[in-house]
Amino acid sequence: MRISLINYLKGHNIVKYFQSAGLYFLASLIPMCLTLLINPAMAKNMSPNDYAITGYYASFSGLLSPFIVFYMLHYYNRQYFTLNEADRIQMKTTIFKSLISFSFLVTVVGYICVVLYIVFFNRDTEVPLFPYSLLSIFALPLTGIYVLRQNDLRMTRQSKQFFVLTVSNGVILAAMNVLFVVFLKLGAMGKLTAQFLSQAAVFLYCLWAYRELLKEPFNIKLFKEIVKFCFPLVIAASLGFFSSGFDKTLLERNGDLTEMGYFVVGAQLAGYIMVFQSAIGSTFQPDLYGAIAKRDRKKTVLVALGLIGSVSMIAILFALFSPIIIKILTAGRYMHSVVYTRILSISVVTTTIYGLVNDVVIALGYSKITLLARIINTLFCIAIYYVLIVSFGCIGAAWGNVLVPVSATIINICIFHLYRRKHVLKNS
């Protein structure tokens with residue numbers, strides 16, 4: 001019986017499936033563990049101002065990244081299994097070359113825009129422009145072909161190679177951080193240098209791995225088709241800046257870089273909950289989409305409550321034990337960040353609820369509602385953050401992170417019901 005069960009599992013590739021799934025999970029887990037391991041040493045060697053500088057430029061990265069990478073990999077994933085091998089190589093070549101030349105040109109334009117904004121509209125800023133802006137923004141185009149390589153290995157089910165590539169990237173980044181921040185004690189400059197050089201190293205490897213594609217012709221017609229497909233996705237993604245990066249831009253203008261540094265540390269630590277939220281979401285998502293497809297409302301509600309409940313429990317535990325967690329991860333140096341971490345833990349729950357509503361709307365076939373809702377919510381984001389940050393500073397920014405997903409959820413639901421009502425009246 002035992003032998004026949006093993007043969008059955010092998011015959012249906014179930015063992016191989018779980019081995020691959022385990023490697024994908026470890027590929028994400030190991031770099032995160034390395035980050036946690038070096039975090040106390042990093043915290044000892046970075047001041048609140050250092051964290052404020054890196055957090056400030058990271059907010060610009062969130063705005064520019066969709067334009068630089070241009071969501072081309074969404075097109076790649078969508079088309080991959082519909083093409084024959086020759087067309088697949090042509091698509092990969094066009095995207096590969098676009099992620100080098102097109103992305104670099106967009107980065108130059110984006111960088112000039114950032115410099116013009118700081119020079120003409122934010123000249124009183126305490127955040128230094130050079131070399132921090134260069135290191136932060138010009139690291140972005142280096143990530144494109146790395147993610148293309150990851151996607152390629154996923155699609156061809158080369159889980160071992162994916163594991164080696166992803167973990168190597170994490171190890172290089174951790175080693176660079178230790179070198180430039182811990183040993184050379186370069187603070188924010190060291191952290192951004194480590195990020196740039198580690199991504200440059202992986203970029204060069206991926207360039208070598210795809211060296212054969214350099215000989216293939218670039219398909220301009222296909223490039224135009226990719227741009228046309230990706231443009232709405234890029235606009236929608238760039239609007240995400242107002243819900244995830246706009247708070248830091250306003251905080252910098254508020255003038256207290258030291259307090260902003262504590263806020264950034266709190267946000268980074270609360271961000272670890274998102275790793276668990278992502279894992280739980282991946283478990284529940286197939287059931288959610290299956291229940292929606294079958295129009296099984298009861299199961300849809302139960303799955304949604306299961307996801308919200310699970311994430312809420314983790315957020316509550318994290319908030320309760322945050323003084324201990326922060327003491328360990330920052331070597332006791334950033335205990336003032338506890339208040340921000342606790343508030344931002346709540347934002348993980350509100351973000352999960354928004355994500356659920358968004359998934360339901362998309363699964364029901366109303367994808368245009370998502371873009372419209374995001375456009376409208378951008379205005380609410382600006383208003384919420386402006387009022388709260390001007391009135392309450394970093395505490396206001398933390399509560400803004402909680403309230404922005406709430407407003408997005410309400411807007412999504414309202415537009416959905418209005419659209420459905422209009423559709424029903426039109427058909428009656």
Side-chain angles (χ1 to χ4, degrees), residues 42-43 45-68 106-141 177 180-181 185-196 238-268 271 333-334 336-337 339-340 344 378-379 381-401 404:
M42 295 285 288
N45 291 278
M46 285 186 68
S47 68
N49 277 27
D50 288 326
Y51 279 110
I53 291 168
T54 55
Y56 178 69
Y57 283 113
S59 67
F60 284 115
S61 299
L63 175 63
L64 297 175
S65 185
F67 289 98
I68 292 169
V106 174
T107 302
V108 172
V109 173
Y111 181 73
I112 291 170
C113 290
V114 170
V115 171
L116 290 175
Y117 163 74
I118 293 173
V119 171
F120 291 104
F121 298 99
N122 198 25
R123 63 179 63 185
D124 296 328
T125 180
E126 295 179 28
V127 176
L129 182 59
F130 300 107
Y132 305 100
S133 55
L134 276 170
L135 290 169
S136 178
I137 293 171
F138 278 90
L140 295 176
N177 273 320
F180 287 100
V181 178
K185 302 187 184 301
L186 296 177
M189 169 92 155
K191 187 171 175 60
L192 292 175
T193 301
Q195 177 183 297
F196 180 84
S238 63
L239 290 175
F241 161 78
F242 291 97
S243 58
S244 60
F246 185 61
D247 56 342
K248 296 175 189 67
T249 305
L250 278 181
L251 282 173
E252 182 276 329
R253 291 181 72 92
N254 220 31
D256 192 345
L257 278 190
T258 300
E259 193 66 23
M260 179 182 166
Y262 287 112
F263 171 80
V264 170
V265 172
Q268 287 180 357
R333 194 176 176 199
Y334 285 88
H336 184 57
S337 297
V339 62
Y340 300 121
L344 291 164
T378 296
L379 301 175
C381 279
I382 294 170
I384 289 169
Y385 278 129
Y386 185 81
V387 171
L388 290 176
I389 289 173
V390 169
S391 303
F392 306 105
C394 290
I395 288 290
W399 282 111
N401 276 269
V404 163

Identify the two heavy atoms, one from [X] and one from [Y], that lie closest to each other, and give their separation to 0.1 Å.
{"X": "Asn177", "Y": "Ala194", "answer": "OD1-CB, 3.4 Å"}
{"X": "Val404", "Y": "Tyr385", "answer": "CG2-CE1, 3.7 Å"}
{"X": "Ala397", "Y": "Leu251", "answer": "CB-CD1, 3.8 Å"}
{"X": "Tyr51", "Y": "Thr54", "answer": "O-OG1, 3.0 Å"}
{"X": "Arg333", "Y": "Met46", "answer": "NH1-O, 2.9 Å"}
{"X": "Tyr111", "Y": "Ser133", "answer": "OH-OG, 3.0 Å"}

Within the supplied structure, the quantity of interest is the number of heavy atoms (other residues, nucleotides, ligands) at a distance under 6.0 Å from [X] [atom1]; does it exceed 12?
{"X": "Phe120", "atom1": "CZ", "result": "no"}
{"X": "Met42", "atom1": "CE", "result": "yes"}
{"X": "Tyr117", "atom1": "OH", "result": "yes"}

Distance from [X] atom [atom1] to [Y] atom [atom2], nearest 0.5 Å?
{"X": "Tyr57", "Y": "Leu134", "atom1": "OH", "atom2": "CG", "value": "9.0 Å"}
{"X": "Tyr340", "Y": "Tyr262", "atom1": "OH", "atom2": "OH", "value": "10.0 Å"}
{"X": "Ile389", "Y": "Glu252", "atom1": "CD1", "atom2": "CD", "value": "11.5 Å"}
{"X": "Phe60", "Y": "Lys248", "atom1": "CZ", "atom2": "NZ", "value": "12.0 Å"}
{"X": "Asn122", "Y": "Tyr56", "atom1": "CG", "atom2": "OH", "value": "4.5 Å"}
{"X": "Ile382", "Y": "Phe242", "atom1": "CD1", "atom2": "CZ", "value": "4.5 Å"}

Does Asn49 have any side-chain hydrogen bond (donor to acceptor under 3.5 Å, both in side chains) partners at least two apart in sequence or in another chain, and if so, which?
-> Thr258
Run the numbers on Phe67 and Val109 for side chain to side chain contact (heavy atoms under 4.5 Å, CB included), then give the verdict.
-> CA-CA 10 Å; Phe67 289 98; Val109 173; over 6 Å; no
Provide the full list of side chain to side chain donor-acceptor pair (under 3.5 Å) pairs with a residue in residues 58-68, sequence neighbours left out, each pair given once.
->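 Qualifying pairs: Ser61-Ser136.
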I would like to know whether Val265 and His336 meet side chain to side chain contact (heavy atoms under 4.5 Å, CB included); could you show each step before the answer?
-> CA-CA 10 Å; Val265 172; His336 184 57; over 6 Å; no
Can you find a heavy atom in the side chain of Phe180 that is under 4.5 Å from one in the side chain of Lys191?
-> no
Would you say Phe138 and Val108 make side-chain contact, with heavy atoms under 4.5 Å?
-> yes
Leu64 and Thr107: side chain to side chain contact (heavy atoms under 4.5 Å, CB included), yes or no, with the steps?
-> CA-CA 8 Å; Leu64 297 175; Thr107 302; over 6 Å; no
